[in-house]
S.K.: 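Would you mind keeping the following structure in view while I ask a few things?
Residue numbers start from 1 in every chain, and the chains themselves are labelled A, B, ... in the order their sequence lines are given, proteins ahead of strands.
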Protein chains: 2
Amino acid sequence: MSMSGSGACNPDDELACCTPLAREPMSAEQAAQVVPLLKALADPVRLRLMSMVLSHEGAEACVCDLLPAFDLSQPTISHHLKVLHESGLLNREKRGVWVYYQARPAAMEAMATLFTTAGLSLPVGAGA
Amino acid sequence: MSMSGSGACNPDDELACCTPLAREPMSAEQAAQVVPLLKALADPVRLRLMSMVLSHEGAEACVCDLLPAFDLSQPTISHHLKVLHESGLLNREKRGVWVYYQARPAAMEAMATLFTTAGLSLPVGAGA
DNA sequence: ACCGGACATCGACATAGGTGAATACTCACA
DNA sequence: TGTGAGTATTCACCTATGTCGATGTCCGGT
């Protein structure tokens with residue numbers, strides 16, 4: 001808990017969202033902690049960036065790996081990566097001239113937990 | 001599968017997002033389908049509305065049940081509910097003078113699947 | 001038929017946010 | 001110590017969006 005350096009907002013282990021939405025009415029404070037993560041993911045470019053990093057070798061990717069996939073300027077991609085990093089979804093690691101972004105499993109886990117309905121009274125027949 | 005009536009954008013069973021982010025690099029088209037759901041959830045009021053409906057009896061709630069929890073005008077809440085409905089997260093059902101919103105399990109499941117990392121090569125030790 | 005309550009729609013406003021051009025920063029290499 | 005390549009930051013622009021007030025619509029009761 002010391003080498004965090006320039007680390008993201010969330011100090012690693014205390015990622016907010018850990019209770020399922022369906023468990024109990026979420027308070028305004030809880031929502032305020034989770035929403036930044038959802039906001040960060042609620043953009044087509046950033047969602048694809050996350051997916052690209054996650055599915056890449058070792059769940060990490062260099063910026064130069066990500067750039068060619070988009071028709072956007074380099075500063076724009078850099079901006080989106082910054083948003084993902086500051087929201088706690090991606091770690092940033094500089095190796096030489098290159099910067100590698102790594103997915104944070106804790107954040108993914110938190111998101112998955114949010115939408116969990118296992119063991120909760122959701123009428124699966126509610127269908128249409 | 002016929003009584004959809006005024007139904008939401010997504011015709012019930014063909015909700016987009018069904019593949020985990022970490023499975024493979026998401027295409028722009030896939031992202032365009034999932035992002036509206038995330039955008040709908042990426043607001044503190046709407047996230048709380050979802051949570052309130054989900055955790056309510058039978059995963060449904062009347063507008064009059066939801067209004068008092070916020071310091072916002074009735075049109076504003078109505079607007080947020082419309083966004084959740086049109087994105088396919090909530091169903092809308094009018095009973096007499098009251099309108100009941102119901103959570104759509106399929107949408108919740110889709111979201112949960114998005115963030116699944118089970119069986120995928122995520123270095124859980126990536127920690128910080 | 002009138003009236004009142006529950007909810008939706010419309011119009012307007014202010015702020016947030018995605019984008020690119022220009023520029024600054026940092027490191028490897030000659 | 002220049003020089004160039006890989007990223008980040010700043011500034012400005014334009015659109016998207018959250019909010020409210022006013023108004024409209026639908027329904028039940030009297």
S.K.: Any N/O pairs under 3.5 Å between the protein and nucleotides 25-30 of chain C? List them or say none.
M.R.:
none

S.K.: Is there a donor-acceptor pair closer than 3.5 Å between any side-chain N or O of Gln30(B) and the backbone N or O of Ser27(B)?
M.R.: yes

S.K.: Show every salt bridge (charged side-chain N to carboxylate O under 4.0 Å, His left out) that has at least one partner inside residues 26-55 of chain B, sequence neighbours left out.
M.R.: none

S.K.: Provide the closest heavy-atom pair for Thr116(B) versus Pro20(B) in the form atom of the first, atom of the second, distance.
M.R.: O-CB, 3.5 Å

S.K.: I need the NE2-C1' distance between His85(B) and dT9(C), as an integer number of Å.
M.R.: 15 Å

S.K.: Which nucleotide span of DNA chain D, 5' end to 3' end, has atoms closer than 4.0 Å to non-hydrogen atoms of chain B?
M.R.: dT17(D) to dG28(D)

S.K.: Find out whether Met108(A) and Met50(A) are in side-chain contact, i.e. whether some heavy atom of one side chain is under 4.5 Å from a heavy atom of the other.
M.R.: yes

S.K.: With sequence neighbours excluded, tell me which residues meet side chain to side chain contact (heavy atoms under 4.5 Å, CB included) with Pro25(A).
M.R.: Met52(B), Ser55(B)

S.K.: Among all residues two or more places apart in sequence or in another chain, which pass the salt bridge (Lys or Arg N to Asp or Glu O under 4.0 Å) test with Glu24(A)?
M.R.: none

S.K.: Taking only distance into account, with no hydrogens and no angle test, what donor-acceptor pairs under 3.5 Å do side-chain atoms of residues 57-72 of chain A form with protein atoms, sequence neighbours excluded?
M.R.:
unit_1, atom_1, unit_2, atom_2, d
Glu60(A), OE1, Gln102(A), NE2, 2.9
Glu60(A), OE2, Arg95(A), NH2, 2.6
Asp65(A), OD2, Cys62(A), N, 3.2

S.K.: Hey, does Tyr101(B) reach any base, or is it just sugar-phosphate, or nothing, if we go heavy atoms under 4.0 Å?
M.R.: sugar-phosphate

S.K.: Can you tell if the side chain of Thr113(A) reaches within under 4.5 Å of the side chain of Thr19(A), non-hydrogen atoms only?
M.R.: no

S.K.: Generate the contact string for nucleotides 10-20 of chain C. Rules: B means base contact, S means sugar-phosphate contact only, - means no protein heavy atom under 4.0 Å.
M.R.: -------SSBB

